[in-house]
Each structure stands twice: as structure tokens, then as C-alpha cells.
*Asks:* 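Before anything else, here's the structure in question.
Residues: numbered from 1 along the sequence shown. Any value given below was found using the heavy atoms of this structure, including those in side chains, with hydrogens, waters and symmetry copies removed.
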Amino acid sequence: MRNTTSKPAWMISPRISAHTGNAKFMVAKRAVEEMTTAQQLADVAISAPHSEVRRLALERLADYSEMDPVYSYVAKYDPDSVLRLVAVERLSNAATLGYVAVNDPYKWIRRTAIEKISDVEILTQVINSDPDPDNRLCALSNINDLNTLVQISRANDHYPVRKKAVMKTLHLKGEEMSQDKQGLRGTVEEIIERITDNNILKDIANNDGDPWVQRVARNRLNGLQVLQ
């Protein structure tokens, strides 16, 4: 027996033109606009074959709270990069943000996720593997753990990342410094003593706001010049 069950109006073919003059698209659009529950809109945002229909549903979901499961799905699996970006912008789920930051093929979507991440392990993975240099620096901006910064400043293969890690370490403020200022100074001195790049040392010696740090950098620079 032939199945006579009709499809929902929003289940239009992705090949249908998303123009206001297209009757089938307008019917689908009106169906989404008339939906009254978050569950209906979530089903469309995830399942509609047409990307423009999914976008319409995603826009309307902004009026509802606790939509992270929907945004997580769209951010990870939607084939449309624009919709993935919209989902990431609204997303708060840390696990999905970490997945997107590492795996999305588009650097701007990864960047948007990176900006919202505080997980040091994920940020370090981005710093070590992201093909975009700006994304690496963006991830480094969110790291304030002294031990991690020290490790990055010594081992990362990207010069701008190493330099920024050094500068962040030198300027680290807050509880660690107030509680153990002498210990932190010893760590900073150790970092400077391990720097072999004259350009970084000159930058610190000329521009650092702490005279003590400037002096340590100048001493290290002078020592390297003697050895050359």
C-alpha cells in the first residue's frame, strides 16, 4: 500500500531556490515562522534538508533558553559553515567548543570557539597544531597558567608564540606574584637565561615596564654577545 503520509512543509529539497518568489520556499518559511515551541524549531534546525530553512529555525531559537544541545549538534555536524558559526557564537558547552576549536575546517569558526575556551589542555593543543598562526596566538591569549607559559616559551616551534609566551610570563600578575614574589622572580630570571633569540632579549631590555626585568635581559644579551 502506498504511504500517503505527507512530509512537513519545511522538508523541502535543498535544491529549491530560497527566493521570496519561490512558492515552495515561502510555504516552508511560513511554517517555521508559525511554530510555537522550541522543540519544533530544534527539529527543523537539525533536520531540515534546506540550509536556509535551518537558518530560519536557528534564528528563532535565540528567543529560547537552554538550547545548548541544539547548538552543539549544529556546531559539530551542520554542513553549512555559516550555521556552524552562528551555533558556536551562542554555544556554552565546553566540550563542543573544544571539539570545534580543534576540528572545524574553517579558521574563523575555530577562532570563535578558541576565544570562548579556558581549558588549558585544549588551548595548548591549538597552540601546537592549529595551521593558522593567528589562531595559535589567540589560544595563547587565554592561557594564564605560569607553568604552561614557561613550557610554551621553551618548546613551541612558532617564534611569535614563543615570544608572546615569554612576555606573558614576565608580566604575569595576580595571586602567584603577591604570594611568592621572590619565587616568581627566580622563575622569570630562569626564563630569560634560557632565551637565545637576540630580538626577544632586545625587546625585553628596551620595552619591559619592570627595570629589574630589563636589567636581567640586558645581562643575558651581553653574555650572548660575548660568546659570539
Side-chain angles (χ1 to χ4, degrees), residues 10-15 18 32 38-169:
W10 50 267
M11 290 287 288
I12 60 174
S13 167
R15 293 187 295 273
V32 174
Q39 185 58 60
Q40 289 175 313
L41 293 167
D43 289 343
V44 177
I46 290 173
S47 305
H50 201 298
S51 63
E52 187 63 17
V53 176
R54 296 197 305 275
R55 184 190 65 78
L56 292 170
L58 204 57
E59 282 184 357
R60 288 206 55 206
L61 281 173
D63 297 331
Y64 296 87
S65 59
E66 300 181 4
M67 289 291 105
D68 245 26
V70 179
Y71 298 145
S72 290
Y73 184 92
V74 174
K76 291 172 71 173
Y77 302 119
D78 200 289
D80 190 305
S81 60
V82 174
L83 299 191
R84 293 202 308 276
L85 180 59
V86 170
V88 171
E89 289 173 341
R90 298 180 187 175
L91 189 62
S92 60
N93 182 277
T96 304
L97 286 170
Y99 175 90
V100 173
V102 173
N103 294 292
D104 197 277
Y106 289 89
K107 68 177 183 180
W108 290 112
I109 297 177
R110 296 198 305 276
R111 176 93 49 89
T112 302
I114 291 165
E115 290 171 348
K116 302 176 73 171
I117 290 174
S118 59
D119 186 294
V120 173
E121 184 176 344
I122 294 295
L123 291 170
T124 302
Q125 185 176 350
V126 171
I127 289 168
N128 290 332
S129 63
D130 197 288
D132 185 81
D134 291 334
N135 279 4
R136 294 187 183 191
L137 292 172
C138 179
L140 184 58
S141 296
N142 286 354
I143 293 181
N144 293 299
D145 178 73
L146 180 61
N147 292 330
T148 303
L149 288 170
V150 170
Q151 184 177 5
I152 292 169
S153 70
R154 293 174 180 171
N156 194 269
D157 61 359
H158 187 50
Y159 169 80
V161 169
R162 292 198 309 276
K163 178 180 176 180
K164 185 170 182 176
V166 168
M167 302 308 289
K168 282 201 70 171
T169 304

*Asks:* Donor-acceptor pair, distance only, cut-off 3.5 Å: does the side chain of D104 make one with the backbone of V100?
*Replies:* no
*Asks:* I122 and G98: which non-hydrogen atoms are nearest, and at how many Å?
*Replies:* CG2-CA, 4.0 Å
*Asks:* When rounded to the nearest 0.5 angstrom, what is the spacing between CD1 in I127 and CG in D157?
*Replies:*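 Here the rounded value is 11.5 Å.
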*Asks:* Considering all heavy atoms of both residues, which atom of A113 and which atom of A101 are nearest to each other, and what is their separation?
*Replies:*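 The answer is CB-N, 3.8 Å.
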*Asks:* Report yes or no: does K116 contribute a side-chain atom to a donor-acceptor pair with the main-chain N or O of N93 at less than 3.5 Å?
*Replies:*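 No, the answer is negative, given that no donor and acceptor are paired below the 3.5 Å cut-off.
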*Asks:* Checking side-chain contact (heavy atoms from CB on, under 4.5 Å) for the pair N142/S118: CA distance, chi angles, key distance, verdict?
*Replies:* CA-CA 6 Å; N142 286 354; S118 59; over 6 Å; no
*Asks:* For the residue pair A45 and V74, what are the closest heavy atoms and their distance?
*Replies:* O-CG2, 4.0 Å
*Asks:* For the pair D130 (side chain) and V102 (backbone), establish whether a donor and an acceptor sit closer than 3.5 Å, ignoring hydrogens and angles.
*Replies:*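 Between the backbone of V102 and the side chain of D130 there is no qualifying donor-acceptor contact (under 3.5 Å).
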*Asks:* Using a 4.5 Å cut-off on heavy atoms from C-beta on, say whether the side chain of S92 contacts that of M67.
*Replies:*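 Answer no - side chains too far apart.
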*Asks:* Can you measure from OG1 (T112) to CG (L91) and round to the nearest 0.5 angstrom?
*Replies:* 11.0 Å
*Asks:* Side chain to side chain contact (heavy atoms under 4.5 Å, CB included) with E115: which residues, sequence neighbours excluded?
*Replies:* R111, C138
*Asks:* Applying side-chain contact (heavy atoms from CB on, under 4.5 Å) to R90 and L58, what does each step give before you reach the verdict?
*Replies:* CA-CA 10 Å; R90 298 180 187 175; L58 204 57; 4.2 Å; yes
*Asks:* Look up atom CD in E121 and atom OG1 in T148, then write down how far apart they are to the nearest 0.5 Å.
*Replies:*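 Between atom CD of E121 and atom OG1 of T148 there are 10.5 Å.
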*Asks:* Please examine the side chains of I152 and I143, heavy atoms only from C-beta on, and report whether any two atoms are closer than 4.5 Å.
*Replies:*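 When only atoms from C-beta onward are counted, I152 and I143 do touch, with a gap below 4.5 Å.
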*Asks:* Going by ring-ring contact (aromatic ring centres under 6.0 Å, His included), name the pairs with one or both residues in residues 76-134, residues two or more places apart or in two chains.
*Replies:*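 Pairs touching residues 76-134 that pass the test: Y73-Y77.
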*Asks:* Can you tell me how far the CD1 atom of I114 sits from the CG atom of L97, to the nearest 0.5 Å?
*Replies:* 10.5 Å
*Asks:* Would you tell me whether K168 and S153 have side-chain atoms, one donor and one acceptor, within less than 3.5 Å of each other?
*Replies:*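 Short answer, no.
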*Asks:* With D134, which residues qualify under side chain to side chain donor-acceptor pair (under 3.5 Å), at least two apart?
*Replies:* none
*Asks:* Taking salt bridge (charged side-chain N to carboxylate O under 4.0 Å, His left out) as the definition, give me every residue that meets it alongside R162, ordered by chain and number, with sequence neighbours left out.
*Replies:* none
*Asks:* With sequence neighbours excluded, what pairs up with D43 under the side chain to side chain contact (heavy atoms under 4.5 Å, CB included) test?
*Replies:*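 D43 satisfies side chain to side chain contact (heavy atoms under 4.5 Å, CB included) with Q39 once adjacent residues are dropped.
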*Asks:* Would you check if L61 and Y71 make a side-chain contact, meaning some heavy-atom pair closer than 4.5 Å?
*Replies:* yes
*Asks:* If you take all heavy atoms of R54 and P49, which pair is closest and at what distance?
*Replies:* NH1-O, 3.2 Å
*Asks:* With rounding to the nearest 0.5 Å, note down the distance linking CG in D80 to CG in L85.
*Replies:*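 Going from CG on D80 over to CG on L85, the span is 10.0 Å.
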*Asks:* Determine whether more than 12 heavy atoms belonging to other residues, nucleotides or ligands lie under 6.0 Å from atom CD of Q151.
*Replies:* no
*Asks:* Using every non-hydrogen atom in the two residues, find where P160 and L137 come nearest and quote the distance to one decimal.
*Replies:* O-CD2, 3.7 Å
*Asks:* Hey, what do you get for CZ (R55) to CZ (R60), rounding to the nearest 0.5 Å?
*Replies:* 13.0 Å
*Asks:* Of the non-hydrogen atoms in S47 and M11, which two are nearest, and what is the gap between them?
*Replies:* O-SD, 4.2 Å
*Asks:* For R84, does its backbone N or O pair with a side-chain atom of D78 as donor and acceptor, under 3.5 Å?
*Replies:*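 Absent.
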*Asks:* Checking H158 now: which residues fulfil ring pair (Phe, Tyr, Trp, His ring centres under 6.0 Å) with it, not counting sequence neighbours?
*Replies:* none
*Asks:* If we only count heavy atoms from C-beta on, is the L123 to L140 side-chain gap below 4.5 Å?
*Replies:*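 Answer no - side chains too far apart.
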*Asks:* Does S141 form a side-chain contact (heavy atoms from CB on, under 4.5 Å) with K164? I'd like the steps, not just the answer.
*Replies:* CA-CA 9 Å; S141 296; K164 185 170 182 176; 2.5 Å; yes
